[in-house]
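Working notes, structure below.
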Amino acid sequence: MTPEQQGRTAPWAKALGAVLLALVVTLVVSWRVADSRESDREHTAFENTRDDARRFADALVALVARGGTLTRQDVEDTLESATGNGRGNGLLYELVSADGRTQVVVRFSRVYERSASLFGPAESMAKRCFTVELPTSAPASASASAPTSAPTQESVRIVAHDADESCTEVAAGVG
């Protein structure tokens with residue numbers, strides 16, 4: 001080797017290094033974009049559980065308005081029809097009637113697609129626990145001679161619990 005060639009890199013090695021660096025950068029960017037999209041899909045699925053809870057509450061109000069009682073079986077049937085896609089997106093944890101109110105603790109789940117699932121399932125589940133409270137009698141402002149009225153959609157309260165709150169823990173605190 002001549003003295004002027006010592007410490008120099010061969011041109012083919014520089015080209016190979018540039019190609020490998022471009023490949024690594026492309027993979028990192030692709031992974032970040034896929035992760036962001038997966039996060040968006042998870043957030044959308046999580047928020048869709050709120051719509052499921054609203055549909056369920058509306059169905060409960062309609063059941064009570066028809067003169068139905070809120071037995072566990074009726075609530076489970078209402079839950080099945082409200083989430084209605086046959087995937088079992090709703091699960092009843094607790095049904096408690098006390099102090100003129102009925103509290104129903106349910107968990108709603110939604111499936112979302114994962115990105116770049118090399119070593120795991122291609123789908124994942126977003127789960128959220130809700131407490132649906134509705135009055136079992138007329139509001140306190142109604143006169144004593146007025147007939148008992150069914151709850152209205154405005155009188156129903158839906159509490160969306162945080163994702164890290166277990167429905168078992170929420171159900172234990174109801175009542």
Side-chain angles (χ1 to χ4, degrees), residues 34-117 120-175:
D35 189 44
S36 174
R37 288 181 180 165
E38 179 180 342
S39 178
D40 290 345
R41 285 191 295 270
E42 180 182 19
H43 179 72
T44 299
F46 195 69
E47 287 304 314
N48 284 342
T49 60
R50 188 181 301 273
D51 297 335
D52 292 339
R54 172 49 56 197
R55 270 195 312 277
F56 173 65
D58 291 346
L60 283 180
V61 168
L63 176 68
V64 173
R66 287 191 305 263
T69 58
L70 290 180
T71 65
R72 186 169 186 89
Q73 185 60 48
D74 288 338
V75 172
E76 287 176 350
D77 292 343
T78 302
L79 185 60
E80 175 86 20
S81 67
T83 56
N85 61 4
R87 289 185 160 201
N89 288 348
L91 181 62
L92 177 63
Y93 273 81
E94 190 69 47
L95 172 65
V96 176
S97 292
D99 300 327
R101 294 196 65 75
T102 299
Q103 294 179 315
V104 183
V105 178
V106 292
R107 182 186 76 197
F108 291 102
S109 307
R110 283 295 183 111
V111 175
Y112 66 94
E113 187 178 327
R114 293 182 57 220
S115 299
S117 56
E123 293 182 337
S124 190
M125 187 81 73
K127 301 173 185 174
R128 191 173 198 180
C129 189
F130 291 87
T131 302
V132 178
E133 294 182 17
L134 59 149
T136 55
S137 59
S141 62
S143 68
S145 62
T148 302
S149 63
T152 62
Q153 292 172 342
E154 292 79 28
S155 65
V156 174
R157 189 172 80 128
I158 301 172
V159 179
H161 300 281
D162 292 334
D164 59 344
E165 284 186 86
S166 156
C167 279
T168 306
E169 294 170 356
V170 173
V174 170

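Just so it is clear, the model here is predicted, and its values are computed rather than measured.
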Residue pair T44 / R110, side-chain donor-acceptor N/O under 3.5 Å: no
Before giving the answer on side-chain contact (heavy atoms from CB on, under 4.5 Å), spell out for L70 and L134 the whole-Å C-alpha distance, their side-chain angles and the decisive distance to 0.1 Å. CA-CA 11 Å; L70 290 180; L134 59 149; 4.2 Å; yes
Below 4.0 angstrom, N of the basic side chain to O of the carboxylate: do D51 and R54 qualify? no
Heavy-atom nearest pair, V156 first then A57, reads CG1-CB, 3.9 Å
For A160, check side-chain contact (heavy atoms from CB on, under 4.5 Å) against everything at least two apart and list the hits. R50, R128, F130
Atom pair NE2 (H161) and CD (E169), whose distance is rounded to the nearest 0.5 Å: 11.0 Å
Could you walk me through whether M125 and S109 satisfy the side-chain contact (heavy atoms from CB on, under 4.5 Å) test, starting with their C-alpha distance in whole Å, then the side-chain angles of each, then the deciding distance to 0.1 Å, before giving a yes or no? CA-CA 6 Å; M125 187 81 73; S109 307; 3.4 Å; yes
Set of side-chain contact (heavy atoms from CB on, under 4.5 Å) partners for H43, sequence neighbours left out: E47
Under the side-chain contact (heavy atoms from CB on, under 4.5 Å) test, residues paired with S39 that sit two or more places apart: none
Donor-acceptor pair, E123 side chain versus V111 backbone, under 3.5 Å? no
Using only atom types and a distance under 3.5 Å, with no angle test, would you say the side chain of R41 pairs donor to acceptor with the backbone of E113? yes
Rounded to the nearest 0.5 Å, how far does CG of L79 lie from CZ of F108? 5.0 Å
